[in-house]
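Because only heavy atoms are used, hydrogens play no part in the values below, and waters and symmetry mates are left out as well, while side chains stay in.
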Amino acid sequence: YSLKTEKVYLFWIKSFILFNDKKHPEEMGNFEIERFLNNLAVNRQVSAATQNQPLCAIIFLYRFIIGIEIKGLKYSFTKREQSIPTVLSHQEAKSVIANMKGHHWLIASILYGSGLRINEALTLRIKDINLTNNTLFVFRGKGKKDRYSLLPKSLNAAIAEQINRVKIIHNNDIQEGFGLTSLPPALIRKYGNSIKDFSWQYLFPSTTRCVHPYDGYICRHHIHESAFRKQLRKAVLIADINKQVKAHTFRHSFATELIQNRTDIRTVQELLGHTDLKTTE
């Protein structure tokens, strides 16, 4: 699983144990699990999606760590409510993006112009950019699926400038004896020092180096999603748009613009990376 999922599972497992007065999971069973989940649903009134997270974490704990299969649980996965996504008009999207600066402006432009998820945009590497054909390669998107998406020609100059900035940062790292980028666990052993190559570097690198959470080497990760989220919130306020705008809103707006311009829905499905056409619909 991803590091993000691992952190979420650890959080809910810890919460489950603390809720039951720090009893060891081996000493607990269906009663304690149901009591914990009911407390989240009834007393804390968490959303349907949030209710499913602790259930997945606890089932994982018992199945793979304790070695016990939980059966007969009087609690099932909660269905998420169907909601219509927030969509910005073309003018609204332009207005929000115009109030952003630097690489945050470029990230928002890619989200709206290419229909990427925020994590897909942040994990873009130099090798994934093709300014000749104006395409982006999304490596292991949601569901671990690879795909290509469009890249607006209007962003070519800004992306070229960003690539030059990354090159300066990378050259400084090399001179200081570093230069490795972060990769999924164990790939460092497969690729070795080749991941010092400029093509492997993130398009939006972090301002600081860090220790890889699994393999322990010093690397440069991409910028954190929270930094972009703060800038987006400010831009929405300045643009005076009375909608709940998130990074994912640009993706919905990208799809809507394509449909309004009579793009075939199967093409939209491919660009968004949806497995099921119903999700696109």
Side-chain angles (χ1 to χ4, degrees), residues 1-7 97 99-114 116-141 144 146-149 151-232 234-235 247:
Y1 292 152
S2 69
L3 182 62
K4 187 181 289 185
T5 303
E6 185 178 319
K7 287 180 178 178
I97 294 169
N99 287 305
M100 303 184 80
K101 297 178 181 178
H103 58 263
H104 293 121
W105 172 87
L106 184 54
I107 293 168
S109 299
I110 289 174
L111 294 178
Y112 181 51
S114 305
L116 269 58
R117 300 175 179 92
I118 181 62
N119 192 54
E120 293 171 345
L122 296 180
T123 55
L124 284 172
R125 299 181 191 270
I126 301 300
K127 65 183 181 62
D128 300 329
I129 313 295
N130 190 326
L131 295 179
T132 305
N133 296 330
N134 283 98
T135 57
L136 290 176
F137 176 63
V138 179
F139 176 74
R140 298 290 187 271
K144 296 186 178 178
D146 297 345
R147 75 179 192 278
Y148 282 97
S149 190
L151 178 62
K153 285 185 179 180
S154 58
L155 298 181
N156 280 13
I159 289 177
E161 284 181 24
Q162 179 63 19
I163 289 172
N164 286 332
R165 291 191 199 101
V166 177
K167 188 170 283 187
I168 293 169
I169 293 170
H170 182 58
N171 287 339
N172 289 337
D173 283 347
I174 294 289
Q175 288 173 11
E176 292 174 19
F178 299 101
L180 293 171
T181 187
S182 62
L183 283 178
L187 282 185
I188 183 69
R189 290 193 290 275
K190 180 178 179 180
Y191 293 110
N193 279 337
S194 66
I195 63 168
K196 281 188 177 181
D197 292 349
F198 178 62
S199 61
W200 279 97
Q201 305 306 307
Y202 287 114
L203 181 62
F204 302 107
S206 170
T207 54
T208 58
R209 294 185 289 263
C210 64
V211 178
H212 194 281
Y214 291 107
D215 292 328
Y217 60 90
I218 304 297
C219 62
R220 190 176 289 276
H221 201 52
H222 56 73
I223 66 170
H224 199 272
E225 181 184 338
S226 60
F228 174 78
R229 202 184 300 133
K230 288 175 186 175
Q231 295 302 316
L232 176 59
K234 289 179 183 177

query = What do you reckon, is NZ of K127 surrounded by more than 12 foreign heavy atoms closer than 6.0 Å?
reply =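 More than 12 heavy atoms, drawn from other residues, nucleotides or ligands, come within 6.0 Å of this atom.
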Which atoms form the tightest heavy-atom contact between [X] and [Y], and what is the distance?
X    : Y    : result
F228 : A247 : CE2-CB, 3.8 Å
C210 : H221 : SG-CB, 4.1 Å
R125 : L183 : NH2-CD2, 3.5 Å
P205 : I223 : O-CG2, 3.2 Å
W105 : A158 : CZ3-CB, 3.6 Å
Q201 : I195 : NE2-O, 3.4 Å

Calculate, to the nearest 0.5 Å, the distance between atoms [atom1] and [atom2] belonging to [X] and [Y] respectively.
X    : Y    : atom1 : atom2 : answer
N172 : K167 : CG    : NZ    : 13.5 Å
R220 : Y202 : CZ    : OH    : 12.5 Å
H103 : Q162 : NE2   : CD    : 7.5 Å
E225 : K4   : CD    : NZ    : 5.0 Å
L203 : I129 : CG    : CD1   : 5.0 Å
R117 : T123 : CZ    : OG1   : 11.0 Å

ask   = Between N130, D128, L151, which is the residue that forms a side-chain contact (heavy atoms from CB on, under 4.5 Å) with F137?
value =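 Result for side-chain contact (heavy atoms from CB on, under 4.5 Å) with F137: D128.
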Close side-chain approach of [X] to [Y], heavy-atom, < 4.5 Å:
X    : Y    : value
Y191 : W200 : yes
D146 : R140 : yes
I169 : D173 : yes
M100 : L232 : yes
R147 : E120 : yes
I126 : F198 : yes

request  = Start with the C-alpha gap between K234 and H104, add the side-chain angles, then the distance that decides, and say whether side chain to side chain contact (heavy atoms under 4.5 Å, CB included) holds.
outcome  = CA-CA 12 Å; K234 289 179 183 177; H104 293 121; over 6 Å; no
request  = May I have the step-by-step check of side chain to side chain contact (heavy atoms under 4.5 Å, CB included) for N133 and Y148, ending in yes or no?
outcome  = CA-CA 11 Å; N133 296 330; Y148 282 97; over 6 Å; no
ask   = Between S182 (side chain) and C219 (backbone), is there a donor-acceptor pair under 3.5 Å?
value = no
ask   = Is a side-chain donor or acceptor of H212 paired with a backbone partner of T181 at a separation under 3.5 angstrom?
value = no
